[in-house]
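Okay, so here's the structure we're looking at.
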Amino acid sequence: MSSLRNILLTTLLTTSTAFTPSSHILQRTCPLSMVAVDTSEIKNGLTIELDGEPYKVLGFSIMKQARGAAKTTIKFKNLKRGTTIENTYRSGEKFETAEIIRKPSQFTYEDDSGNYFFMDNESFEEVMIESAAIEDQKKWISEGMELDLIYFKGEVIEVRVPSPYVFEVVETEPNMKGNTSQGYTKPAVLSCGATISVPGFVEQGAMIKVDTEKGEYIERV
């Protein structure tokens, strides 16, 4: 009997082990998919990863040399710290684009502390961003605006407002009769709070299209 009992116990243990999930099988590696680019593919607005942090290309210039390869000087903005750097690279040097996620969102309100609140259009979750983190963009953000929140490793690093975008002119000088000079411009306050230069014929209450990246008037609509 004891011999039969031992055989049954061994069989049960072997069977239960066969159905036990292997920890090795459950572990999965999800590598970040990055794209390698070289100096010839650099363009304004491109976000790359340097030393584990996201940097946006603000501008670049190429210096050709009589002897040797050309050099490219690139100005970057660190999207986490807000600082800017300028580095020079040999022609053909490679970079890794940053793995970023774009999430369509809507601006809802600003609290008394200057924090900005957005709603994720897919999950409907509320996202809070400190004013200092969007210093360059907040002048364009108006109530209800649809825009993109850019994430890097789970953290919002940038708010991208649409460009071009239509705003109302809420304050500007009246158009002076007889002023037909070409190129005449005047300051105008927009419904978002930003001030830009507009042609002299643009009047208060007009709806205008604006390039929010350059901060420039495009046309009346």
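- Considering only heavy atoms from C-beta on, Glu49 comes within 4.5 Å of Lys153 through its side chain.
- Judged as a ring pair (Phe, Tyr, Trp, His ring centres under 6.0 Å), the pairs with a partner in residues 66-105 (not counting sequence neighbours) are, in order, Tyr89-Phe95.
- For Lys214, the NZ atom is loosely surrounded, since the number of other residues' heavy atoms within 6.0 Å does not exceed 12.
- Side-chain atoms of Thr97 come within 3.5 Å of backbone atoms of Val35 as a donor-acceptor pair (strictly under, hydrogens ignored).
- Ile62 has its side chain out of reach of Thr39: every pair of non-hydrogen atoms, C-beta onward, lies at least 4.5 Å apart.
- Atom CD1 of Ile101 is surrounded by 12 or fewer heavy atoms from other residues, nucleotides or ligands within 6.0 Å.
- The shortest non-hydrogen separation linking Asn78 to Arg81 is OD1-N, 2.9 Å.
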For this session: Let me see the working for Glu110 and Lys138 under salt bridge (Lys or Arg N to Asp or Glu O under 4.0 Å), right down to the final yes or no.
Result: CA-CA 10 Å; Glu110 177 186 2; Lys138 64 183 182 182; over 6 Å; no
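- Distance alone, capped at 3.5 Å, places no donor-acceptor pair between the Ser91 side chain and the Ala69 backbone.
- Smallest separation of non-hydrogen atoms from Val221 and Ile208: CG2-N, 4.1 Å.
- Val202 has its side chain out of reach of Thr172: every pair of non-hydrogen atoms, C-beta onward, lies at least 4.5 Å apart.
- Scanning for ring-ring contact (aromatic ring centres under 6.0 Å, His included) contacts around Phe201 gives an empty result, with sequence neighbours left out.
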For this session: List the steps and the verdict of side-chain contact (heavy atoms from CB on, under 4.5 Å) for Val169 and Glu203.
Result: CA-CA 7 Å; Val169 175; Glu203 299 180 349; over 6 Å; no
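- Every residue meeting the side chain to side chain contact (heavy atoms under 4.5 Å, CB included) condition with Lys139, not counting sequence neighbours, appears here in chain and number order: Ala194.
- The shortest side-chain heavy-atom distance between Tyr55 and Ile85 falls under the 4.5 Å cut-off.
- Within 6.0 Å of the CD atom in Glu130, the count of heavy atoms belonging to other residues, nucleotides or ligands does not exceed 12.
- Thr185 places no side-chain N or O within 3.5 Å of a backbone atom of Val198 that could act as its donor or acceptor partner.
- A distance-only check finds no donor-acceptor pair linking the side chain of Lys56 to the backbone of Thr47 [under 3.5 Å].
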For this session: Check step by step if side-chain contact (heavy atoms from CB on, under 4.5 Å) holds for Phe124 and Met119.
Result: CA-CA 6 Å; Phe124 301 109; Met119 181 186 70; 4.0 Å; yes
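- Contact annotation: the side chain of Leu79 never approaches that of Ile150 to less than 4.5 Å [non-hydrogen atoms, C-beta and beyond].
- In the displayed structure, Glu171 atom CD is contacted under 6.0 Å by at most 12 heavy atoms of other residues, nucleotides or ligands.
- For Phe60, there are no ring-ring contact (aromatic ring centres under 6.0 Å, His included) partners, not counting sequence neighbours.
- Ser105 places a side-chain heavy atom less than 4.5 Å from the side chain of Leu147.
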Problem set entry | Evaluation steps, salt bridge (Lys or Arg N to Asp or Glu O under 4.0 Å), between Glu125 and Lys103 | CA-CA 11 Å; Glu125 294 180 354; Lys103 292 189 177 183; over 6 Å; no
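- Residue Glu146 places its CD atom among more than 12 non-hydrogen atoms of other residues, nucleotides or ligands, all under 6.0 Å distant.
- Panel note: side chain Glu93, backbone Arg90; a donor-acceptor pair is recorded below 3.5 Å.
- Residues Val189 and Thr195 meet the side-chain proximity criterion, which asks for heavy atoms closer than 4.5 Å.
- The ring-ring contact (aromatic ring centres under 6.0 Å, His included) search around Tyr151 returns none, not counting sequence neighbours.
- Looking at Glu216, Glu168, Glu219 one by one, the single match for salt bridge (Lys or Arg N to Asp or Glu O under 4.0 Å) with Lys209 turns out to be Glu219.
- Side-chain contact of Thr84 with Lys75: a donor-acceptor pair under 3.5 Å is absent, judged by distance alone.
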For this session: Could you please spell out the steps behind the side-chain contact (heavy atoms from CB on, under 4.5 Å) verdict for Leu190 and Tyr165?
Result: CA-CA 11 Å; Leu190 308 181; Tyr165 196 79; over 6 Å; no
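- When only modelled atom types and interatomic distance are considered, Asn115 and Ser113 share no side-chain donor-acceptor pair under 3.5 Å.
- Among residues two or more places apart in sequence or in another chain, the salt bridge (charged side-chain N to carboxylate O under 4.0 Å, His left out) test is passed with Asp136 by Lys77.
- The backbone N or O of Asp38 lies less than 3.5 Å from a partner atom in the side chain of Glu41, making a donor-acceptor pair.
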For this session: With side-chain contact (heavy atoms from CB on, under 4.5 Å) as the test, would you mind laying out the steps for Gln106 and Asn121 before giving the verdict?
Result: CA-CA 7 Å; Gln106 182 181 49; Asn121 287 349; 3.8 Å; yes
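- Thr212 is listed as a side-chain neighbour of Phe167, based on a closest heavy-atom distance under 4.5 Å.
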